[in-house]
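The structure appears right after this line, and notes come after that.
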Amino acid sequence: QAQVEESGGGLVQPGGSLRLSCATPQLTLRYYTVAWVRQAPGKEREGVACISSNDNSTHYVDGVRGRFTISRDNAKRTVYLEMNSVRPEDAATYYCAADFGGGCSARSYQRGDYDYWGQGTRVTVSS
């Protein structure tokens, strides 16, 4: 069983909403900092949002701040990414990544900063 499993991707219209889920069935989620990272076809992987293990503080990249919300439910071992006012440029495969301890401020969104990565869930934006 994977440590991190994304779900919730699909087709969304511009201006619409979508909620992605990141399940961590084998992790005690409250001890983990979790990030969402995305990669569009032909583009570099880029960070989206992060939520810290220690104080639940959050970080958003400029392009999604005010539109996306990251949250966690430790009891359900799940992190969510609520995507609102979706734009065509949000189309990508979204990956969830988890790492033990610390917080978002101590990490970038690089692959080496997180121990566990999911397989990704694809978001398509089209009318």
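Treat the numbers as computed from the prediction; the structure is a model and nothing was measured.
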Measure the spacing between CD of Glu82 and CG of Leu18 and express it to the nearest 0.5 Å. 8.5 Å
Of all residues at least two apart in sequence or in a different chain, which pass the salt bridge (charged side-chain N to carboxylate O under 4.0 Å, His left out) check with Arg65? Asp62
Hphob cluster co-occupancy, Leu20 + Leu11, side-chain heavy atoms under 4.5 angstrom: no
Tell me whether Glu89 at atom CD has more than 12 heavy atoms from other residues, nucleotides or ligands lying less than 6.0 Å away. yes
Just so I know, are the side chains of Val48 and Val37 near enough to count as touching, which here means a heavy-atom distance under 4.5 Å? no
Where at least one partner belongs to residues 20-38, residue pairs that pass salt bridge (charged side-chain N to carboxylate O under 4.0 Å, His left out), sequence neighbours excluded: Arg38-Glu46, Arg38-Asp90
Do Arg45 and Trp117 form a cation-pi contact, if we require the NZ or CZ to be under 6.0 Å from the six-membered ring centre and within 45 degrees of the ring's axis? yes
What closest approach, in Å, do Ala23 and Thr78 show between heavy atoms, and which atom pair accounts for it? CA-OG1, 4.1 Å
Between CD1 of Ile70 and CH2 of Trp36, what distance do you get to the nearest 0.5 Å? 8.0 Å
Pairs involving residues 39-79, ordered by first then second residue, that meet ring-ring contact (aromatic ring centres under 6.0 Å, His included) (sequence neighbours left out): His59-Tyr109
Gly9 backbone acceptor or donor facing Thr121 side chain under 3.5 Å: yes
Does the pair Val123 and Val125 meet the rule for a side-chain contact (heavy atoms from CB on, under 4.5 Å), with working shown? CA-CA 7 Å; Val123 174; Val125 182; 4.3 Å; yes
Could you list the residues that satisfy side chain to side chain contact (heavy atoms under 4.5 Å, CB included) with Ser17, not counting sequence neighbours? Asn84
In terms of heavy-atom contacts, Arg72 and Asn56 come closest through CD-OD1, 2.8 Å
Please give me the minimum heavy-atom distance between Tyr114 and Ala35, naming the atom from each residue. OH-CB, 3.4 Å
What pair of heavy atoms forms the shortest contact from Ala91 to Thr124, and how long is it? CB-CA, 4.5 Å
I need the minimum non-hydrogen distance between Ala92 and Ala40, along with the two atoms involved. CB-N, 3.7 Å
Given 3.5 Å as the limit, does a donor-acceptor pair link the side chain of Asp113 with the main chain of Arg107, or not? no
Considering non-hydrogen atoms only, spot the tightest contact between Tyr80 and Asp73 and give its length. CE1-CB, 4.1 Å
Indicate yes or no for a side-chain donor-acceptor contact from Glu6 to the backbone of Cys96 under 3.5 Å, with no hydrogens or angles considered. yes
Suppose we screen for side chain to side chain donor-acceptor pair (under 3.5 Å). Which residues come up paired with Arg122, at least two apart in sequence or across chains? none
Could you tell me whether a side-chain N or O of Arg67 sits under 3.5 Å from a main-chain N or O of Ser85, the two making a donor and an acceptor? yes
For the side chain of Arg77 and the backbone of Leu27, is there at least one donor-acceptor N/O pair under 3.5 Å apart? yes
Check the pair Tyr95 / Gln119 against side-chain contact (heavy atoms from CB on, under 4.5 Å), numbers first and verdict last. CA-CA 7 Å; Tyr95 299 91; Gln119 295 299 306; 5.9 Å; no
Rounded to the nearest 0.5 Å, what's the gap from CD on Glu44 to CD on Gln39? Could you check? 7.5 Å
Is there a side-chain contact between Val34 and Cys50 in this structure, where contact means two heavy atoms from C-beta onward sitting under 4.5 Å apart? no
Atom CG in Leu29, atom NZ in Lys76: separation rounded to 0.5 Å? 13.0 Å
Identify, with sequence neighbours excluded, every residue that meets side chain to side chain contact (heavy atoms under 4.5 Å, CB included) alongside Ser52. Thr33, Asn54, Asp55, Ser57, Cys104
Backbone N or O of Gly102 within a donor-acceptor pair of the Ser53 side chain at under 3.5 Å? yes
